[in-house]
Amino acid sequence: MDVSPQCFSILLVLCIFIQSSAHGQSLKPEPFGRRAQAVETNKTLHETKTRFLLFGETNQGCQIRINHLDTLQECGFNSSRPLVMIIHGWSESVQFSRSHVHLIGYSLGAHVSGFAGSSIGGTRKIGRITGLDAAGPLFEGSSPSNRLSPDDANFVDAIHTFTREHMGLSVGIKQPIGHYDFYPNGGSFQPGCHFLELYRHIAKHGLNAITQTIKCSHERSVHLFIDSLLHAGTQSVAYLCSDMDSFSQGLCLSCKKGRCNTLGYHVRQEPRSKSKKLFLVTRAQSPFKVHQLQTEMLIQTTFTMSLLEQKRKCRKLGKGIASNKTYSFLITLDVDIGELIMIKFKWESSAVWANVWNTVQTIIPWSTGPRHPGLVLKTIRVKAGETQQRMTFCSENTDDLQLRPTQEKIFVKCEIKSKTSKRKIR
């Protein structure tokens with residue numbers, strides 16, 4: 001059945017910015033604030049060249065101004081009627097390069113952006129497509145032609161924030177779909193979005209708190225991208241890694257050979273033949289950036305076994321057990337603490353365990369000869385992700401290297417030139 005022209009509204013978007021580009025005007029993103037009031041009061045902002053025209057019963061284009069809700073009423077917008085949106089593109093006659101186009105799609109819109117990029121004929125592709133937690137259902141595991149893929153633009157980057165599966169499905173797609181795929185906090189779920197945070201969402205969103213909590217992780221991809229624009233001086237850096245478990249151990253903070261990249265708008269655009277999966281840790285709110293440090297501890301253990309006879313005589317069994325093991329883990333900081341000069345290390349333990357440890361050390365000798373430490377922390381190595389700076393710390397007290405429960409030890413920056421040379425305290 002035909003629909004009467006009086007039964008719907010048409011919103012026509014005229015891409016005047018394309019004509020502006022043809023005359024040499026800049027297409028760089030304009031700064032913006034969090035609220036409409038901030039946009040209106042900031043005199044340094046440039047007004048957009050894009051015009052939004054509403055066509056209704058009179059069939060006369062009425063311009064709707066951004067952040068001016070009163071213009072909707074002035075143009076006679078009726079929210080009870082269906083809305084048809086017509087978005088103009090560009091033509092070759094405008095002499096506009098496709099490489100200047102950047103499509104940003106959220107959820108299902110990410111795949112729509114991919115379809116738009118792949119449907120353009122010719123050898124020249126769209127410059128960039130950014131997928132913000134692209135939709136997972138019906139797209140997970142599908143062929144590249146049926147979803148967003150690296151072939152849809154000269155450069156494709158994707159941010160995955162809600163890939164946790166429920167009944168075999170996830171809201172966001174998990175598989176890599178771009179040249180660079182970013183997985184903040186592993187991509188499965190985001191901090192601050194748990195149902196335990198519902199009370200905080202109620203205070204902020206009221207009756208819409210449950211809805212906001214459910215879509216919190218999914219929308220985090222959008223907020224992370226916006227955050228990269230709002231805080232251009234503090235960009236979040238992600239690192240190439242196989243999975244989040246390895247990243248949490250601090251094993252992946254390397255920027256060699258393009259193994260790290262910036263999350264968001266300022267990503268380094270390097271098209272690759274194979275998708276790269278990058279991981280990072282973020283805060284629960286903006287600004288999301290944290291400072292990531294890889295920490296390695298070389299711990300030496302030495303144990304000997306003694307046999308206690310009825311005559312209370314100890315006999316040493318064998319040559320004992322000695323082992324060196326390096327433990328690696330990731331430390332995140334909300335603020336930049338600058339250059340490290342000292343580390344305080346404390347073996348956290350209960351008073352009961354401390355008493356047991358001391359009693360065992362006193363009653364049962366570990367060897368018949370000189371007493372050797374049972375647990376020794378020799379060095380602590382730290383690597384800063386952003387600066388790639390490496391630092392080594394050695395125990396300040398070289399006469400007593402043994403670790404004891406509840407004891408605090410101080411490690412200072414040092415240099416180890418070789419395995420045989422002595423360290424130099426700085």
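Residues take their numbers from the sequence shown, with the count starting at 1. What you are looking at is a predicted structure, and each value in this text was computed from that prediction instead of being measured.
Identified under the side chain to side chain donor-acceptor pair (under 3.5 Å) test for residues 137-147, with sequence neighbours left out: Ser143-Ser145, Ser143-Asn146. Sorted by first and then second residue, the salt bridge (Lys or Arg N to Asp or Glu O under 4.0 Å) pairs with a member in residues 259-272 read Arg268-Glu270, Glu270-Arg272; sequence neighbours excluded. Residue pairs that meet the salt bridge (Lys or Arg N to Asp or Glu O under 4.0 Å) test with at least one member in residues 273-285, sequence neighbours left out, are Arg283-Asp334.
The side-chain contact (heavy atoms from CB on, under 4.5 Å) check on Asp399 picks up Asn397, with sequence neighbours excluded. Taking the ring-ring contact (aromatic ring centres under 6.0 Å, His included) definition, one finds that Tyr239 meets it with nothing, sequence neighbours left out. For Thr387, there are no side chain to side chain donor-acceptor pair (under 3.5 Å) partners at least two apart in sequence or on another chain. Scored by the ring-ring contact (aromatic ring centres under 6.0 Å, His included) test, Phe139 finds His111 as partners (sequence neighbours excluded). Leu138 meets the side-chain contact (heavy atoms from CB on, under 4.5 Å) test with no other residue; sequence neighbours excluded. Evaluation of the ring-ring contact (aromatic ring centres under 6.0 Å, His included) rule for His218 yields Tyr106 as partners, not counting sequence neighbours. Legend: residues meeting side chain to side chain donor-acceptor pair (under 3.5 Å) with His160, ordered by chain and number and at least two apart, are Asp181.
No donor-acceptor pair under 3.5 Å is formed between the side chain of Gln294 and the backbone N or O of Lys383. No side-chain donor-acceptor contact under 3.5 Å links Asp152 to the backbone of Gly117. At least one donor-acceptor pair closer than 3.5 Å links the side chain of Gln235 to the backbone N or O of Ala232. Looking only at distances, a side-chain donor or acceptor of Lys413 sits under 3.5 Å from a matching main-chain atom of Leu340.
For the atom pair CD of Glu74 and CG of Leu54, the computed distance is 12.0 Å after rounding to the nearest 0.5 Å. The structure places CG of Leu298 at 8.0 Å from CG of Leu377, a figure rounded to the nearest 0.5 Å. For the atom pair CZ of Phe225 and CD1 of Ile104, the computed distance is 3.5 Å after rounding to the nearest 0.5 Å. Once rounded to the nearest 0.5 Å, the distance linking NZ of Lys409 with OG of Ser395 reads 5.0 Å. Note: Ile159 CD1 to Ser236 OG = 9.5 Å, rounded to the nearest 0.5 Å. Annotation: the span from Lys378 atom NZ to Thr392 atom OG1 amounts to 13.0 Å, rounded to 0.5 Å.
Counting heavy atoms from C-beta on, the side chains of Lys325 and Ile299 never come closer than 4.5 Å. With a 4.5 Å cut-off on side-chain heavy atoms, Leu148 and Ser113 do not count as touching. Taking the side chain as every heavy atom from C-beta outward, Asp227 and Pro287 approach each other to under 4.5 Å. Counting heavy atoms from C-beta on, the side chains of Phe77 and Ile64 never come closer than 4.5 Å. The shortest distance between side-chain heavy atoms of Thr326 and Arg381 falls below 4.5 Å. No side-chain heavy atom of Glu219 sits less than 4.5 Å from a side-chain heavy atom of Phe162. Looking at heavy atoms from C-beta onward, Lys256 lies in side-chain contact with Ser254 at the 4.5 angstrom threshold. A 4.5 Å side-chain heavy-atom check between Glu396 and Met342 finds every atom pair outside the cut-off.
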### Task
Verify side chain to side chain contact (heavy atoms under 4.5 Å, CB included) between His231 and Phe288, making sure each step is shown before the conclusion.
CA-CA 9 Å; His231 304 93; Phe288 293 99; over 6 Å; no
### Message
Could you walk me through whether Arg98 and Ile120 satisfy the side chain to side chain contact (heavy atoms under 4.5 Å, CB included) test, starting with their C-alpha distance in whole Å, then the side-chain angles of each, then the deciding distance to 0.1 Å, before giving a yes or no?
### Response
CA-CA 10 Å; Arg98 297 174 182 172; Ile120 295 179; 3.0 Å; yes
### Message
Quick one, His102 with Thr130, criterion side chain to side chain contact (heavy atoms under 4.5 Å, CB included). Give me CA distance, side-chain angles, the key distance, then yes/no.
### Response
CA-CA 8 Å; His102 181 189; Thr130 298; 2.7 Å; yes
### Task
Start with the C-alpha gap between Leu278 and Leu263, add the side-chain angles, then the distance that decides, and say whether side chain to side chain contact (heavy atoms under 4.5 Å, CB included) holds.
CA-CA 9 Å; Leu278 295 92; Leu263 172 75; over 6 Å; no
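Shortest non-hydrogen contact noted between Ile341 and Phe393 is C-CE2, 3.8 Å. When all heavy atoms of Val237 and Cys260 are compared, the pair lying nearest together is CG1-CB, 4.1 Å. Closest heavy-atom contact between Gly385 and Cys255: O-SG, 4.4 Å. Summarising the geometry of Asn154 relative to Ser99, their closest heavy-atom pair is ND2-CB, 4.3 Å, with the distance given to 0.1 Å. Nearest heavy-atom pair across Val281 and Gln292 is N-OE1, 2.9 Å. Nearest approach of Ser275 to Pro150, heavy atoms of both residues: OG-CG, 4.1 Å.
Under the side chain to side chain contact (heavy atoms under 4.5 Å, CB included) test applied with Ile343, the options Ile410, Thr295, Val382 reduce to a single match, Val382. Under the side chain to side chain donor-acceptor pair (under 3.5 Å) rule, Asp157 has a single partner from Arg128, Gln269, His179, which is Arg128. The only option from Thr262, Val267, Leu224 that meets the side chain to side chain contact (heavy atoms under 4.5 Å, CB included) definition with Phe182 turns out to be Val267.
Using a 30° and 60° split on the angle between ring planes, Phe279 and Tyr183 fall in the parallel class, below 30°.
Within a 6.0 Å sphere centred on CD of Gln73, heavy atoms belonging to other residues, nucleotides or ligands number 12 at most.
For the residue pair Asn185 / Thr282, a side-chain donor-acceptor distance below 3.5 Å is found, with atom types taken as modelled.
A cation-pi arrangement is absent between Arg220 and Phe189, since the terminal nitrogen or guanidinium carbon is not both under 6.0 Å from the aromatic centre and inside a 45° cone about the axis.
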Do any side-chain atoms of residues 166-177 form donor-acceptor pairs under 3.5 angstrom with protein atoms, and if so which ones, sequence neighbours left out?
{"residue": "Ser170", "atom": "OG", "partner": "Gly172", "partner atom": "O", "Å": "2.7"}
{"residue": "Gln175", "atom": "OE1", "partner": "Gly141", "partner atom": "N", "Å": "2.4"}

Tell me which donor-acceptor pairs under 3.5 Å the side chains of residues 244-252 have, and how far apart each pair is, sequence neighbours excluded?
{"residue": "Ser246", "atom": "OG", "partner": "Asp243", "partner atom": "OD1", "Å": "3.1"}
{"residue": "Ser248", "atom": "OG", "partner": "Met244", "partner atom": "O", "Å": "2.9"}

